[in-house]
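Structure, as structure tokens:
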2 protein chains.
Amino acid sequence: MSRRSYGQFCGLVRAAELVAERWALLIVRDLLVSPKRYTDLLNGLPGIPTNVLAARLKQLEEGGVVRRRLDDRAVLYELTEYGQELEAAVLALGRWGARMLTEPAPDEVVTPDSMVMAFRSTFRPEAAQGLTASFEVRLGEIALHVHVEDGEAHVDAGAAPAPDLVIETGPAIKALMAGELTPAEARANGSVRLTGDPRLLDRFAALFRI
Amino acid sequence: MSRRSYGQFCGLVRAAELVAERWALLIVRDLLVSPKRYTDLLNGLPGIPTNVLAARLKQLEEGGVVRRRLDDRAVLYELTEYGQELEAAVLALGRWGARMLTEPAPDEVVTPDSMVMAFRSTFRPEAAQGLTASFEVRLGEIALHVHVEDGEAHVDAGAAPAPDLVIETGPAIKALMAGELTPAEARANGSVRLTGDPRLLDRFAALFRI
DNA sequence: CGGGATCCCTTAGGATACTG
DNA sequence: CAGTATCCTAAGGGATCCCG
């Protein structure tokens with residue numbers, strides 16, 4: 001038995017050996033958003049040592065979680081089908097952890113992929129009934145888009161093609177999602193700026209809940 | 001920012017910092033089964049160094065996951081309400097990891113609490129409709145009991161008070177739960193031994209599915 | 001420039017012994 | 001029983017270097 005193994009025949013132990021290693025869950029998180037190149041992963045995970053990224057990718061590949069693919073003369077890392085099935089567990093963990101969040105520490109950053117997963121994990125299908133709309137959310141440099149249709153949401157990185165509402169905001173987005181700030185208050189105190197149909201902000205705020 | 005922090009303001013990162021440390025998920029798993037004393041945790045997690053257990057418990061306590069309680073002149077560790085809300089995520093991870101399990105390696109052990117969580121994570125409520133029954137499962141030294149009622153299951157460590165069916169088995173239980181072995185085959189080849197109402201074995205096998 | 005490998009140093013974690 | 005204390009190894013952090 002490997003030195004890093006826990007020596008138990010147990011599903012949770014297998015999962016822990018694969019994804020509870022340092023940085024592994026964050027690599028999986030970013031790959032759940034989209035397949036990426038080595039350098040994209042490095043950039044999306046500020047602070048990860050390059051040797052650790054290489055080692056994790058190798059282990060995740062051996063574990064059947066990640067696949068290395070050659071695409072257009074570049075190396076692409078993507079989740080296998082088995083890896084994608086981690087989504088439910090990752091979303092559950094993210095939801096749980098988000099309840100602990102208060103304010104960002106001064107040295108803490110927000111990455112585009114972490115925002116995408118934050119929205120995915122807090123989406124409430126029941127609030128999307130009868131709504132078809134496209135949103136773009138901007139936090140500083142970060143842009144992501146939310147498309148809602150048929151009670152389903154698709155959240156991805158980047159700008160939306162033709163958003164019904166563009167929401168420019170900042171850290172206050174967390175208060176809005178936690179219900180500590182109403183949409184009306186957010187507009188009034190300037191913590192969100194809207195472009196498009198402003199009535200959609202209420203619907204948007206109901207869609208996601210920490 | 002602590003050296004072990006990931007420096008991101010993100011729910012998943014917070015969760016990872018708390019429970020993706022080495023051994024932390026297994027400590028949580030065992031505490032999800034029942035509150036325990038320090039020595040019980042040591043015994044239930046073969047191979048954990050005592051200093052690591054002490055360090056983890058301290059961190060989990062600081063993180064609001066675990067509470068240290070004095071009970072009857074002994075120290076009891078138990079999950080806080082917040083810690084108990086990890087159950088959904090832990091079960092999801094355990095289910096995911098269980099799909100990777102093939103055979104136990106020669107040096108891998110099975111602990112009572114890992115079995116309890118395996119049953120909890122694979123329970124299918126739809127298979128329990130209209131069933132009220134009490135089972136005891138024995139694997140070598142390990143005994144656990146399953147009580148099914150109103151489409152809900154309660155799985156806990158230890159023998160059942162008055163089981164309708166006692167199932168003595170071995171590693172074959174995993175094949176049975178994975179659907180690789182039918183109840184009839186399991187009885188025929190001797191990989192399960194029954195005491196009580198043998199017709200309940202079919203129901204039992206349907207209740208849990210990897 | 002993308003995709004790593006290598007180096008050095010620090011620290012967490014494993015093994016075991018010991019104590020209030 | 002509930003942990004410290006200690007020693008040692010291996011993994012992780014940080015920077016740089018290398019190769020196609």
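So you know, we letter chains A, B, ... as the sequences are listed, proteins then strands, and number each from 1.
In terms of phosphate contacts, A:Lys36 brings no side-chain nitrogen or oxygen within less than 4.0 Å of OP1 or OP2 of C:dG3. The phosphate of C:dG4 (OP1 or OP2) has a side-chain N or O of A:Tyr77 nearer than 4.0 angstrom. For D:dG12, one of the phosphate oxygens OP1 or OP2 lies less than 4.0 angstrom from a side-chain nitrogen or oxygen of A:Arg56.
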(request) Go through the steps to decide whether B:Gln59 and B:Arg4 satisfy the test side chain to side chain donor-acceptor pair (under 3.5 Å), and finish with yes or no. (result) CA-CA 12 Å; B:Gln59 294 169 224; B:Arg4 291 247 95 192; over 6 Å; no

(message) Does A:Asp113 form a salt bridge (Lys or Arg N to Asp or Glu O under 4.0 Å) with A:Lys36? I'd like the steps, not just the answer.
(response) CA-CA 11 Å; A:Asp113 287 1; A:Lys36 286 184 174 56; 2.8 Å; yes

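Taking the side chain of A:Thr39 as heavy atoms from C-beta on, and the options C:dG2, D:dG12, D:dA2, the nearest nucleotide is C:dG2. Closest to the A:Thr50 side chain, of the nucleotides D:dG12, C:dT6, C:dG3, is C:dT6. Considering only the side chain of B:Arg68, D:dA2 comes nearest among C:dG14, D:dA2, D:dG12.
For the pair A:Arg22 CZ and C:dA12 P, the computed distance is 10 Å after rounding to whole Å. Atom P of nucleotide C:dG13 and atom CD of A:Glu21 are separated by 10 Å, given to the nearest angstrom. As rounded to whole Å, 13 Å separates atom P of D:dA2 from atom CZ of B:Arg69. Between the CG atom of A:Leu42 and the P atom of C:dA5 there is a distance of 12 Å, given to the nearest Å. Regarding B:Tyr38, its OH atom lies at a distance of 17 Å from the P atom of C:dT19, rounded to whole Å. The interatomic distance linking B:Leu70 (CG) with D:dA2 (P) rounds to 10 Å, in whole Å. In this entry the distance linking CH2 of A:Trp23 with P of C:dA12 reads 15 Å, nearest Å. Protein atom CG of B:Asp72 is 14 Å distant from nucleotide atom P of D:dC1, rounded to whole Å.
Under the 6.0 Å distance and 45° angle rule, B:Arg22 counts as a cation-pi partner of A:Tyr6.
Between B:Leu31 and B:Leu60 there is no side-chain heavy-atom pair separated by less than 4.5 Å. Under the 4.5 Å side-chain criterion, counting only non-hydrogen atoms from C-beta, A:Arg193 is not in contact with A:Val166.
Residue contacts for A:Ala55: at a heavy-atom cut-off of 4.0 Å it reaches no nucleic acid atom on any strand shown.
Mapping A:Arg73 and A:Asn51 onto DNA chain C by nearest heavy atom places A:Arg73 closer to the 5' end of the strand.
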